[in-house]
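For reference, the structure discussed in these notes is given below.
One-based numbering, in listed order, for ligands and for the atoms of each. Scope of the values below: all heavy atoms of this structure, side chains included, with no hydrogens, waters or symmetry mates.
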Amino acid sequence: ERSDGAAAFEALLAADERVEPRDAMPDGYRRTLVRQIAQHAHSEIIGMQPEANWISRAPSLRRKAILMAKVQDEAGHGLYLYAAAETLGVDRADLLDQLHSGRQKYSSIFNYPTLTWADVGAIGWLVDGAAITNQVPLCRCSYGPYARAMVRICKEESFHQRQGFDLLLALTRGTDRQRAMAQDAVDRWWYPSLAMFGPPDAESTHGAQSAAWGIKRFSNDELRQRFVDMTVPQAEVLGVRIPDPDLRWNAERGHHDFTQPDYAELLRVIKGAGPCNAQRMAHRRRAHEEGAWVREAASAYAEKHADKHR
Ligand code: 3HC
């Protein structure tokens, strides 16, 4: 006999309404949301590293200002998402411990190096483009705090994607060397961006349950396909070639046929064997240690002035 809480939860899902922190929810629902929101937040924080690598070497003050604004946005996205995770009764200090000890993940995409300035454009255009494709449906996720965090984040992501496209357009309209630099970046970022959407649906451990709980509105493969269909026309405007000889429009399907990313590589990168995993985690741990005094000072201050707010 189902408890009132379970019936109420089912009714919320059936009515496509939002589940809020105080509503009864199955433990599995809470656990998978903590897992996904925390890993999403970790991705935002780690994601600052590849691009930050180019802030001091941006080719103009304008590009430097744009890149700084984007990296700061990613930090803010991380904070919104840790705050959303905390509505589920977890503490961000513990989530960071789980990241630092490898018990929680961050997106595979940030384990690739940013070798040239064109990579900053390819990340904005492809990685933030993939992020938008994945995050727009999350604005309708069944869990209220996550969906609302996504609305704000998606607005800022479109600026991220536009500035990346604009940066690559400047290069493809530049010298032959600049055009070659843009093409080289697209060649290196295309397949890892496709892999960002996760394993194929048949190997997705959480996909079906997350769909049943209204967390995932579309499957990994559906979003990957949507990303390819959206990106091909943009590549034509940019004048860059997508590195996939089998990419072609399939009128029957109404979608592009394309070569799948290397999922064995995705698994290796997720397990820590990507080009930059060790560097990203070492940098993250060092930043956490170096920031300890700020956290201690903030809590000492809060302690000292707590009575004022009582
Ligand atoms: N990188 C790392 N791990 C990945 C992954 C990837 N690209 N894709 C899948 N995985 C992991 C999953 O976390 C899961 O492992 P876990 O059980 O330990 O968590 C396992 O591989 C199986 O994958 P599933 O498909 O079963 O997992 P999900 O149902 O969670 O789907 C997902 C994966 C599509 C990434 C989903 O978690 C999701 O939509 N997350 C929210 C979006 C997100 O995290 N985006 C990160 C990109 S960074 C970003 O958007 C910042 C922007 O500014 C660029």
Side-chain angles (χ1 to χ4, degrees), residues 28 31-51 69-78 80-81 84-85 95 98-99 102-112 120 122-141 143 146-147 149-150 152-161 163-164 189 191-224 226-227 261-263 265-274 277 280:
R31 257 199 320 280
T32 207
L33 279 169
V34 168
R35 173 190 64 83
Q36 174 163 332
I37 300 172
Q39 294 185 156
H40 197 161
H42 298 331
S43 303
E44 303 280 3
I45 299 302
I46 300 268
M48 292 193 284
Q49 290 187 37
E51 290 174 313
K70 178 179 190 298
V71 172
Q72 280 170 337
D73 281 352
E74 309 296 10
H77 295 174
Y80 301 148
L81 288 162
L95 298 178
Q98 292 189 55
L99 170 67
R103 283 173 292 143
Q104 279 189 340
K105 300 177 165 75
Y106 59 93
S107 185
S108 52
I109 192 69
F110 298 123
N111 289 308
Y112 291 87
V120 175
I123 287 178
W125 177 46
L126 294 174
V127 174
D128 288 81
I132 290 173
T133 309
N134 164 284
Q135 289 172 169
V136 166
L138 283 171
C139 295
R140 289 185 293 109
C141 158
Y143 187 57
Y146 193 25
M150 279 299 113
R152 172 76 183 274
I153 287 177
C154 283
K155 287 196 175 70
E156 293 172 342
E157 287 297 0
S158 40
F159 145 64
H160 298 175
Q161 203 255 1
Q163 64 83 34
W189 287 93
Y191 286 106
S193 299
L194 294 187
M196 247 174 98
F197 291 93
D201 295 350
E203 289 146 50
S204 169
T205 30
H206 305 285
Q209 182 58 72
S210 288
W213 276 333
I215 298 169
K216 256 185 185 174
R217 295 292 185 189
F218 298 97
S219 75
N220 297 359
D221 288 332
E222 283 172 326
L223 291 179
R224 201 178 343 260
R226 182 177 296 181
F227 172 70
D262 177 349
Y263 292 111
E265 178 180 319
L266 172 62
L267 269 187
R268 280 197 307 277
V269 175
I270 291 177
K271 288 199 169 64
N277 294 59
R280 300 290 184 237

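There is no protein heavy atom closer than 4.0 angstrom to atom 32 (C) of ligand 1.
Checked for salt-bridge contact, E222 and R226 miss the test: no charged N lies under 4.0 Å from a carboxylate O. Taking 4.0 Å as the cut-off between side-chain N and carboxylate O, K70 and D73 do not count as a salt-bridged pair.
For ligand 1, the polar-atom distance check finds no N/O of H77 at less than 3.5 Å from any of the ligand's N/O atoms.
Scanning all protein heavy atoms for the shortest distance to atom 54 (C) of ligand 1 gives D128 OD2, 3.7 Å. Here the protein heavy atom with the shortest distance to atom 40 (N) of ligand 1 is Q36 NE2, 3.4 Å. Nearest protein heavy-atom neighbour of atom 50 (O) of ligand 1: Q135 OE1, 3.1 Å. At the top of the distance list for atom 24 (P) of ligand 1, counting protein heavy atoms only, stands S204 OG, 3.6 Å. Distance from atom 12 (C) of ligand 1 to its nearest protein heavy atom, with residue and atom name: R35 NH1, 4.1 Å. In terms of protein heavy atoms, atom 8 (N) of ligand 1 is closest to G198 CA, 3.3 Å.
At distances below 3.5 Å, not a single donor-acceptor pair connects side-chain atoms of T32 with backbone N or O atoms of G28. For the pair N134 (side chain) and F197 (backbone), a donor-acceptor distance under 3.5 Å is absent. In this structure, N220 contributes its side chain and P199 its backbone to a donor-acceptor pair below 3.5 Å. Without hydrogens or angle criteria, R217 side chain to R140 main chain gives a donor-acceptor distance under 3.5 Å. Between the S158 side chain and the K155 main chain, a donor and an acceptor come within less than 3.5 Å of each other. Judged by distance alone, with hydrogens and angles left aside, the side-chain atoms of Q161 form no donor-acceptor pair with the main-chain N or O of D128 at under 3.5 Å.
Ligand-side atoms of ligand 1 in range of T205: 22 (C), 26 (O), range being under 4.0 angstrom from any heavy atom. In the vicinity of K105, heavy-atom distances shorter than 4.0 Å reach the ligand 1 atoms 3 (N), 15 (O), 16 (P), 18 (O). Shown in contact with E157 at under 4.0 Å from a heavy atom are these atoms of ligand 1, numbered in order with element: 52 (C), 53 (O). Every atom of ligand 1 with a heavy atom of F197 under 4.0 Å away is listed here by number and element: 34 (C). Atom numbering of ligand 1 starts at 1 in the shown order; those under 4.0 Å from a heavy atom of Q39 are 13 (O), 19 (O). Interface atoms of ligand 1 facing A131, defined by a heavy-atom separation under 4.0 Å, are 50 (O), 52 (C), 54 (C). Each of the following atoms of ligand 1 lies closer than 4.0 Å to a heavy atom of I270: 2 (C), 3 (N), 4 (C), 5 (C), 10 (N). The contact set between ligand 1 and Y106, taken as ligand atoms under 4.0 Å from a residue heavy atom, comprises 1 (N), 2 (C).
Within the structure, the closest approach of H160 to ligand 1 does not fall below 4.0 Å when heavy atoms are considered. Remark: distances from the non-hydrogen atoms of Y263 to ligand 1 are all 4.0 Å or more. Distances shorter than 4.0 angstrom do not occur between any heavy atom of Q104 and any atom of ligand 1. For the pair K216 and ligand 1, a heavy-atom separation below 4.0 Å is found.
Contact check for M150 versus L81: side-chain heavy atoms found under the 4.5 Å cut-off. Under the 4.5 Å side-chain criterion, counting only non-hydrogen atoms from C-beta, Q36 is not in contact with H206. The side-chain heavy atoms of L126 and F227, taken from C-beta on, include a pair separated by under 4.5 Å. The side-chain heavy atoms of L99 and I45, taken from C-beta on, include no pair separated by under 4.5 Å.
Ranked by closest heavy atom to atom 9 (C) of ligand 1, the top entry among P199, G78, S210 is P199. Nearest to atom 46 (C) of ligand 1 by heavy atom, out of S108, A195, S107, C141, is S107. Nearest-residue assignment for atom 51 (C) of ligand 1 (options M48, E51, E44, M150; heavy-atom criterion): E44.
Of the heavy atoms in N134, only side-chain atoms (C-beta onward) come closer than 4.0 Å to ligand 1. Counting heavy atoms closer than 4.0 Å to ligand 1, residue F110 contributes side-chain atoms (C-beta onward) but none from N, CA, C or O. Counting heavy atoms under 4.0 Å from ligand 1, residue N220 touches it through the side chain alone. Contacts between M196 and ligand 1 below 4.0 angstrom, taking non-hydrogen atoms only, involve backbone and side chain alike. Here H206 has heavy atoms under 4.0 Å from ligand 1 in both its backbone and its side chain. Only the side chain of E74 comes within 4.0 Å of ligand 1, counting heavy atoms alone; its backbone N, CA, C and O stay farther away.
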Practice task
Mind running side chain to side chain contact (heavy atoms under 4.5 Å, CB included) on Y191 and E265 for me, showing each step along the way?
Solution key: CA-CA 10 Å; Y191 286 106; E265 178 180 319; over 6 Å; no

Problem - Derivation and outcome, side chain to side chain contact (heavy atoms under 4.5 Å, CB included), residues H160 and H77 - result: CA-CA 12 Å; H160 298 175; H77 295 174; 3.6 Å; yes

Exercise for the section: Step by step, work out the side chain to side chain contact (heavy atoms under 4.5 Å, CB included) result for L95 and V34. Expected result: CA-CA 9 Å; L95 298 178; V34 168; 4.1 Å; yes

Practice task
Could you walk me through whether Y143 and I215 pass side chain to side chain contact (heavy atoms under 4.5 Å, CB included), step by step?
Solution key: CA-CA 7 Å; Y143 187 57; I215 298 169; 6.0 Å; no

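In summary, the side chains of H42 and Q98 do not present any donor paired with an acceptor at a separation below 3.5 Å, with no hydrogens or angles considered.
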